[in-house]
Amino acid sequence: MYLPGVGPKKAEILFGELEIETFKDLLYYFPFRYIDRTRFYTVREINPELSYIQLYGEVVSVRFEGKEKGKKRLVCRFTDGTGSIDLVFFQGLTWIKDKIKPATKYVVFGKPNLFNGQINMVHPEVNIPETENPGAFSTNINGIYSSTEKLRNSYMENKVIVKFMYNLLNLVLNKIPETLPDYLIEQYKLMPLPEALLNIHFPQNQDLLVRARNRLQFDELFYIQLGILRHRTARVKANQGFVFDKVGERFNYFFENNLPFPLTSAQKRVVREMRRDMGSGKQMNRLLQGDVGSGKTLVALMIMLIAADNGFQSCIMAPTEILAAQHFSSVVQFLNGMDVKVSLLTGSTKKSKRVILYNELAKGTIDILIGTHALIEDDVQFKNLGLAVIDEQHRFGVEQRAKLWNKSKTHPHIMVMTATPIPRTLAMTVYGDLDVSIIDELPPGRKPVKTLTFNDSRRLHVFGFLKEQIKQGRQIYIVYPLIKESETMDYKYLEDGYESIVRAFPPPEYVTVVVHGKMKSADKDFSMNLFVSGKANIMIATSVIEVGVNVPNATVMVIESAERFGLAQLHQLRGRVGRGADQSYCLMMAGYKLSKESRKRLELMVATNDGFKIAEEDMKMRGPGDIEGTQQSGLPFKLRITDLSKDGDMLEAVRKIVESVLSKDPDLSNDENKTLKTNLENADSQKKFSAIS
Ligand code: ADP
Ligand code: MG
């Protein structure tokens, strides 16, 4: 409010809308794009994808069109010799009519639109050039700041924000302290910070804008990485880990007698990586990434057996009851005949059972506890928790994970698993503190799932195909985006779908079960069991089955209103099939009218089965903050100028630089690194980062 032009009222709105409270906040509120007024386009070059552009030419005619009230408009035909377009005005018609004269040269500035197959410009700026050669008079590249409706309604449109920036820079430009030491600025030829801040708001030319952006990105990424890497060193130093140095009886027995199939070499490799961590005397903190169906559960089981061999308890926390129950039954099956006590704890575990379970857990008679969020409740006390595994970890919030960490005085070893592959750049920032293991190989014999899109009108054809599959003994999932009909969204919903499926697949010839999140868990279990045991042919579900469910005999995944689902979700759903030896199919049903994005998503699904590729594309399409898999945990810091889907090279380069700075001066105690130490302590990213691990 002390900035000229702002005052208390506007200051309050700036804070409420954009969280801008200090001069620094405002200074770091960067334009999200620029209008280059140094460049002139010709009419022939125009296409409707272009953002704001400038033209130079002559208005040839001015006329009114549309008689009815509200439709009346002024249309000026404009030409520059390469072609002509209409400039269209809906408001202030008489005033504009007076201003714009035929046979006069103008500089026109606006955004091309496509209307009835013709390109036009609505309400462009129309100015008289000050000289005959328009290239000479306009030399600005103008920043555009993202805005909100409230800001615009409070007289803070772009023009006003620009004015604030101007006033602010006038006030503080020569007082902005440098945030990087001289040696880095010299070595990497970075633009000094004040100059970069000036040019990001008021670029003198494209070249300087590029350099300014580079410098600010470098800064942003540098401090994030510095925070992460320092934090990691501190964590490793502070946390002694339990030493699991024995690979003993149970692991070996399992390996020799119970392992139903040979491990893939990727599974062997990641188990080795984890064994090394757990035996090192340091606390393991590892992320296991592996596409759906790559066999992560087995990896978790094997390292839990190592924990048991060393006299420790372990647990797996899964995001849904269905998944926890399934882990439980597959672990019990895997351990058939072995002396390992496994228990299940979920929200629906009866109180009487719980009491016994808590008791056994505290005494140490339970070796492996499998469950849901119920595991992190305070009543759950282990005798000696040595290893905690979190499945589908992106489904859990930061606090939930931290609670699990703290179930043991010495932090247990931690292994988090995710089947939503995270693009490398994101992994390096969001999970930069974790070591990463990757299973990049599916068990042998799996045939890639065939993915097809069908229009709703082909439903009967699809049903015919489903019947054929059922005849061959296969099972089918049909997934709906909604349970009930929605007034606002025209998507298929489960209740209606159920009726039409039962009509097309009548009992007793066919058995259809339903599972969705709003059901009582006993009912859910009942349906689930019918399907898992092969007694039901069709399972109708919402995306609750998206995560982890494993029924190898299911070969068809039908996704209704597939346009409604995000890429990661689609990929997860598809991952429910293709788990056995038979050819599997993913059939995506979609409406006629699809947005460009929806179409792109479906096309990508058809084109590839590779989860990592899908994750990369997802990030490009949606921006890193919105990636499924990070929504819940969120990016731990606000990125003001870096786009993780585009600036991966910069990130990698900066990470290396940070590593080299820290390898020479781990505590940042050298004189030359003083700035780094002070700034790091004050950085937002640092504060937020310490909260996540
Ligand atoms: P995800 O990584 O998606 O959690 P799962 O752990 O559920 O995958 O494994 C998928 C299926 O593959 C399970 O039926 C599992 O028993 C099987 N599986 C795991 N490892 C192998 C392997 N090495 N060879 C054959 N099948 C395997
Ligand atoms: Mg799984």
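On a predicted model such as this, the values are computed, not experimentally measured, just so you know. Whatever order the structure lists them in is the order used to number ligands and atoms, beginning at 1.
Between Gly295, Pro260, Gly290, it is Gly295 that holds the heavy atom closest to atom 8 (O) of ligand 1.
For ligand 1, the atoms closer than 4.0 angstrom to any heavy atom of Leu263 are 23 (N). Within ligand 1, the atoms closer than 4.0 Å to a non-hydrogen atom of Arg579 are 3 (O), 7 (O), 10 (C), numbered from 1 in the order shown. Short contacts between ligand 1 and Thr297, defined as distances under 4.0 Å to a heavy atom of the residue, involve ligand atoms 4 (O), 5 (P), 6 (O), 7 (O). The contact set between ligand 1 and Val292, taken as ligand atoms under 4.0 Å from a residue heavy atom, comprises 3 (O). Close contacts between ligand 1 and Lys296 involve ligand atoms 1 (P), 2 (O), 3 (O), 4 (O), 6 (O), 8 (O) [criterion: under 4.0 Å to a heavy atom]. For ligand 1 and Thr264, the ligand atoms under 4.0 Å from any heavy atom of the residue are 23 (N).
With Ser584 contributing its side chain and Gly578 its backbone, the two residues share a donor-acceptor pair below 3.5 Å. With hydrogens and angles disregarded, no donor-acceptor distance shorter than 3.5 Å links the side chain of Gln475 to the backbone of Ile538. Listed for the Asp618 side chain is no donor-acceptor partner under 3.5 Å among the backbone atoms of Ile614.
Between Asp367 and Arg250 there is a salt bridge, since at least one side-chain N of the basic residue sits less than 4.0 Å from a carboxylate O of the acidic one. Ionic pairing of Glu617 and Lys620 is present here: one or more N-O contacts between side-chain nitrogen and carboxylate oxygen are shorter than 4.0 angstrom.
Between Pro262 and ligand 1, a contact under 3.5 Å exists for at least one N or O pair.
Side-chain contact, Asn285 with Gln283: a donor N or O sits under 3.5 Å from an acceptor N or O.
Distances shorter than 4.0 angstrom occur between a heavy atom of Arg446 and an atom of ligand 1. Distances from ligand 1 to the non-hydrogen atoms of Gly293 include at least one value under 4.0 Å. A heavy-atom separation below 4.0 Å is not found between Ser330 and ligand 1.
In this structure, Asn310 and Phe251 have side chains that are not in contact, with every pair of non-hydrogen atoms separated by 4.5 Å or more.
Annotation for Ala504 and Lys467: closest pair O-NZ, 2.9 Å, computed over non-hydrogen atoms.
The side chain of Gln267, and not its backbone, has at least one atom closer than 4.0 Å to an atom of ligand 1 (non-hydrogen atoms only; side chain from C-beta on).
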